[in-house]
Participant: 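Have a look at this one before I ask anything.
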Amino acid sequence: MTQDSSVRPQVTTGPITGSHKAYLHGPRGMRIPVRRIALTTGESLDVYDTSGPYTHDAATAAAPAVDLHAGLPALRADWIAEREPIGGAVTQLAYARAGIVTPEMEFVAVREGVDAELVRSEVARGRAVIPANRRHPETEPMIIGNRFLVKVNANIGNSAVRSSIEDEVEKLVWATRWGADTVMDLSTGSDIHRTREWILRNSPVPVGTVPIYQALEKVNGDPAALSWEVYRDTVIEQCEQGVDYMTVHAGVLLRYVPLTAARVTGIVSRGGSIMAAWCLAHHRESFLYTHFAELCAILRAYDVTFSLGDGLRPGSIADANDEAQLAELRTLGELTAIAREHDVQVMVEGPGHVPMNKIVENVELARQWCDEAPFYTLGPLTTDIAPGYDHITSAIGAARIAQAGTAMLCYVTPKEHLGLPDRDDVKTGVISYRIAAHAADLAKGHPQAQARDDALSRARFEFRWHDQFALALDPDTARSFHDETLPAEAAKSAHFCSMCGPKFCSMRISHDIRDRTGAAGPAGAEAVEAGMRQKAREFADAGGRVYLPVTSAGPSTT
Ligand code: IRN
Ligand code: FE2
C-alpha cells in the first residue's frame, strides 16, 4: 500500500436504516452482497447492494472493521491468478467468446438474478461489459448492458480549486452507499495519482477515469503540448493502478471540429475540447484515433474497458442530434469494431442535452452504428432553463433514455454548470439517478424490479410506516419528513399522515370500503360497487369538494 499516514479519511459506515448487509451464496464459495430489508411483518426483501463492506454492522463480530489505509480485501485475487490467457488475452470478452463462464460472470449472474449463460453470451456478443481491471481485485463484479439492471455512475474527483483526498474518499463511500454502481475519478488538480490510489484501493465498485485530464496536467495544461507518448504513458500508469474503464475521446476527428462552429454552445466536453484544440494546433488527425490499435493492445493486457467518449456531445437543447454529434457517433462505431477485434470490452458514451422528442433517436442510432455496444449517457438534460435543478432536468431524460435501452446513466448533481458537487450533492445526484434507473427497470420488466415497489406499496397501504421508510431509496429523508409533523412514535402506526389528516386519507377510506365489503375479488365486485356508491354519497353530502381548506399540510396527492 502506497498510502501515507498524512491522509486521514473519515468515511460513513454502518448499515442503511432499516436494513443490514447479507450475502447470497454463489458457486465456488463466493459471497454476493445484498441489502436485506427486514419488515415488521417478519418478511424480508433483498435488494441490489453496491456499498461494499462499509455498510457492515460494526456491532457484530462478523464485520471486520474497514481499514482505509490497508484498503479493501482482494476479493478476486485468486480468480485472476488461476486463469490462463485465451489466445494471449485475459479479457472477459475473450473468455466469453471462448465459451468460458468466468467467476466474475457467475458473481454477476447471482447479483442480477439471471442465468450465468445469459451473462456470458451478452458479453461475448459485445452487448454487455464487466469492467474489472486485473489490477483492481477489490472490485465486486458488476455488468453493464441493456439486458441487465440499469446502472448509475457517480463522478467524483477534485479540481484545481477545491477538495482534498479525504473528501474524495468519503464521496466514494457515500456515493456507493446510496447506490452508485461505478464511480469516475475526474480529478484534475494536484495529487491526481495519490487521490486515485486512495479511491481504487478502497472502492468496491469499478472506477473509471478520463486519462487525457492527467496527461494534460503533465504538460502543464497546454493541449498543444500533448503527445501520443505522454498520453500512452499516462494510460499505462492508470492501468497499472487498477482503473477499470477509461473514457477515450478518439472520435473527435480534425474534420469534425468545424461542424461545431455554428453551435450555440460549441464543444462542452472537457476531453473533447482538449483533443479539438490539439488537432487544430497541429492540423493533424487526433493521436487517439491514429494510435487506437496500440491503445487497444494496452487495455487488453489489463482487461480495461473502453468508454468511447462523446467529445462532441450537444451542450444545449439547440445543438441536440446535430451533424457534429452524429458524425462522431459513426466514428465511435468504427472504433467499437476495432476494439472488439482486439478482444477489448467497449461501451459508447452519449449525450448531454437533448429534448425529449429527440432522445430515442440517440439510442437507436448508437445501437445501429455501434453494433449494440452498451450505451452510457450523461443525463440527458431535457431543458436548459433550470440551473440548480439539473439533477431533475436530466433525470427526466435519463429515465427516458434508459427505458429505450441505455445501459448506464452518468449522474448529474444540483451543482451541474455551477460548481463542484459536495457530499450532499453527490447523494442527491445518486438518488435522483437511482429513481431514473429503477423507473426504467420497471418499464422494461426486469424480474427484480417490481418486487420492491409492491412491497413498499403494501407497506404504505397498510400504514406500516417503518417498513415504508426501510424500503425507500432514502429511508433517512423519508423518516425525517414524517417526523417533521408527526414525530411521536405512536404516529408511526397511525392510519393517516399529516398530508391529508385523519379525515381525508384516501388510503384509510379505501380500508373502510374493504372492511364494509369484505375481501374484494370477483365475487365481491358488487359489494365494492355498493361501497363506492355509499362513499360517493358521503362525498357529495360533505360538499363534494376535493380540496377542503381546513385540513392539509401537503400540496396534492398522487
Ligand atoms: C458519460 C456520457 N457522456 C459523457 N459522460 C461522462 O462525462 C464521462 O464518462 C465522464 O465522466 C464525464 C466527462 O466527460 P468529458 O467532459 O471529458 O467529455
Ligand atoms: Fe451542460
Side-chain angles (χ1 to χ4, degrees), residues 129 131 144 151-157 159 175 180-188 206-216 223 243-252 260 263-278 288 305-320 324-325 328-329 332 346-355 362-363 366 370 373-391 393-394 397-398 401-402 406-421 426 429 433:
V129 295
I144 302 169
K151 302 305 187 296
V152 171
N153 168 65
N155 284 341
I156 59 172
S159 71
D181 294 283
T182 73
V183 298
M184 290 192 77
D185 176 14
L186 300 190
S187 294
T188 54
V207 175
T209 59
V210 189
I212 198 80
Y213 299 171
Q214 188 184 5
L216 188 68
V243 170
D244 299 287
Y245 67 97
M246 294 181 183
T247 295
V248 179
H249 299 87
V252 180
T260 63
R263 278 179 158 186
V264 171
T265 46
I267 298 177
V268 296
S269 153
R270 285 200 281 187
S273 62
I274 295 165
M275 290 316 299
W278 187 90
L288 298 177
T305 299
F306 271 116
S307 186
L308 295 177
D310 54 342
L312 301 180
R313 67 173 171 271
S316 55
I317 291 295
D319 296 343
Q325 182 198 334
E328 180 188 42
L329 185 60
L332 298 188
V346 200
M347 52 186 173
V348 169
E349 295 189 3
H353 291 237
V354 186
N362 275 275
V363 186
C370 304
F375 201 33
Y376 163 37
T377 62
L378 181 54
L381 285 72
T382 49
T383 171
D384 296 344
I385 65 164
Y389 297 86
D390 280 329
H391 57 305
T393 62
S394 66
I401 209 160
T406 293
M408 183 156 80
L409 305 169
C410 184
Y411 85 171
V412 171
T413 75
K415 291 284 162 62
E416 183 70 14
H417 302 120
L418 304 172
L420 193 69
V426 167
Y433 272 68

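Counting starts at 1 for both ligands and their atoms, following the listed order. Computed over heavy atoms, backbone and side chain alike; hydrogens, waters and symmetry mates excluded.
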Participant: How far is atom 12 (C) of ligand 1 from its nearest protein heavy atom, and which residue and atom is that?
Facilitator: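 Nearest protein contact, heavy atoms only, for atom 12 (C) of ligand 1 is N155 ND2, 4.0 Å.
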Participant: In ligand 1, which numbered atoms sit nearer than 4.0 Å to a non-hydrogen atom of T377?
Facilitator: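 With T377 as reference, the close atoms of ligand 1 come out as 2 (C).
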Participant: Can you tell me if G350 has a non-hydrogen atom under 4.0 Å from ligand 1?
Facilitator: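 It does; at least one heavy atom falls under 4.0 Å.
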Participant: In the protein, what heavy atom is nearest to atom 17 (O) of ligand 1, and what distance, to one decimal place, separates them?
Facilitator: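 Nearest protein contact, heavy atoms only, for atom 17 (O) of ligand 1 is Y213 OH, 2.5 Å.
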Participant: What part of L186, side chain, backbone, both or neither, has a heavy atom within less than 4.0 angstrom of ligand 1?
Facilitator: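 The answer is the side chain.
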Participant: Return the residue, atom name and 0.1 Å-rounded distance of the protein heavy atom closest to atom 10 (C) of ligand 1.
Facilitator: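 So the nearest neighbour among protein heavy atoms is M184 SD, 3.9 Å.
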Participant: Of all the N, O or S atoms in H417, which one sits nearest to the Fe ion (ligand 2)?
Facilitator: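 Nearest N/O/S atom of H417: NE2.
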Participant: Between R270 and ligand 1, which part of the residue brings a heavy atom under 4.0 Å of the ligand: side chain, backbone, both or neither?
Facilitator: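 Both backbone and side chain of R270 come within 4.0 Å of ligand 1.
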Participant: For the atom pair CG (L332) and CG (L312), what is the distance rounded to the nearest 0.5 Å?
Facilitator: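 That separation rounds to 9.0 Å.
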Participant: Of the options T247, T406, T182, N153, which is the one that meets Y376 in a side chain to side chain donor-acceptor pair (under 3.5 Å)?
Facilitator: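 Only match with Y376 under side chain to side chain donor-acceptor pair (under 3.5 Å): N153.
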Participant: Quick one: nearest non-hydrogen protein atom to atom 8 (C) of ligand 1, plus distance?
Facilitator: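 Sorting protein heavy atoms by distance from atom 8 (C) of ligand 1 puts E349 OE1, 3.4 Å first.
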Participant: Anything under 30° is parallel, anything over 60° is perpendicular, the rest tilted; go ahead and classify H353 against H417.
Facilitator: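 Taking H417 first and then H353, their aromatic rings sit tilted (interplane angle of 30° to 60°).
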Participant: May I ask you to identify, for L378, whether its side chain, its backbone, both or neither come under 4.0 Å of ligand 1 on a heavy-atom basis?
Facilitator: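 It is both backbone and side chain that touch ligand 1.
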Participant: Can you sort out which atoms of ligand 1 are near S269, meaning under 4.0 Å from one of its heavy atoms?
Facilitator: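 Contacts of ligand 1 toward S269, numbered from 1: 15 (P), 16 (O), 17 (O), 18 (O).
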Participant: Below 4.0 angstrom from a heavy atom of Y376, which ligand 1 atoms are there? Numbered from 1 as shown, please.
Facilitator: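 Those qualifying, in numeric order: 1 (C), 2 (C), 9 (O).
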Participant: Would you check if the side chain of D384 reaches a backbone N or O of I317 as a donor-acceptor pair within less than 3.5 Å?
Facilitator: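 Present.
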Participant: What's the shortest heavy-atom distance between R313 and R263, and which atoms?
Facilitator: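 Answer, listing the atom of R313 first, then R263: O-NH1, 3.5 Å.
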Participant: Taking Y389 for the side chain and P414 for the main chain, is one N or O donor matched with an acceptor at less than 3.5 Å?
Facilitator: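 Checked: no pair found.
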Participant: Are T265 and D319 close enough that a side-chain donor and a side-chain acceptor fall under 3.5 Å?
Facilitator: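 There is such a pair (donor and acceptor under 3.5 Å, judged by atom type) between the side chains of T265 and D319.
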Participant: Looking just at side-chain N and O atoms, do S394 and Y433 make a donor-acceptor pair shorter than 3.5 Å?
Facilitator: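 Checked: S394/Y433 side chains pair up, N/O donor to acceptor below 3.5 Å.
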Participant: Looking at G311, is its backbone amide N or carbonyl O close enough to the side chain of E328 to form a donor-acceptor pair, meaning the two atoms are under 3.5 Å apart?
Facilitator: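 Present.
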Participant: For H249, take its heavy atoms, then give the atoms of ligand 1 lying under 4.0 Å from any of them.
Facilitator: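 Close to H249: 15 (P), 17 (O), 18 (O).
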Participant: Number the atoms of ligand 1 from 1 as they appear, then name those within less than 4.0 Å of a heavy atom of G271, with their elements.
Facilitator: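 Here the atoms of ligand 1 in question are 15 (P), 17 (O).
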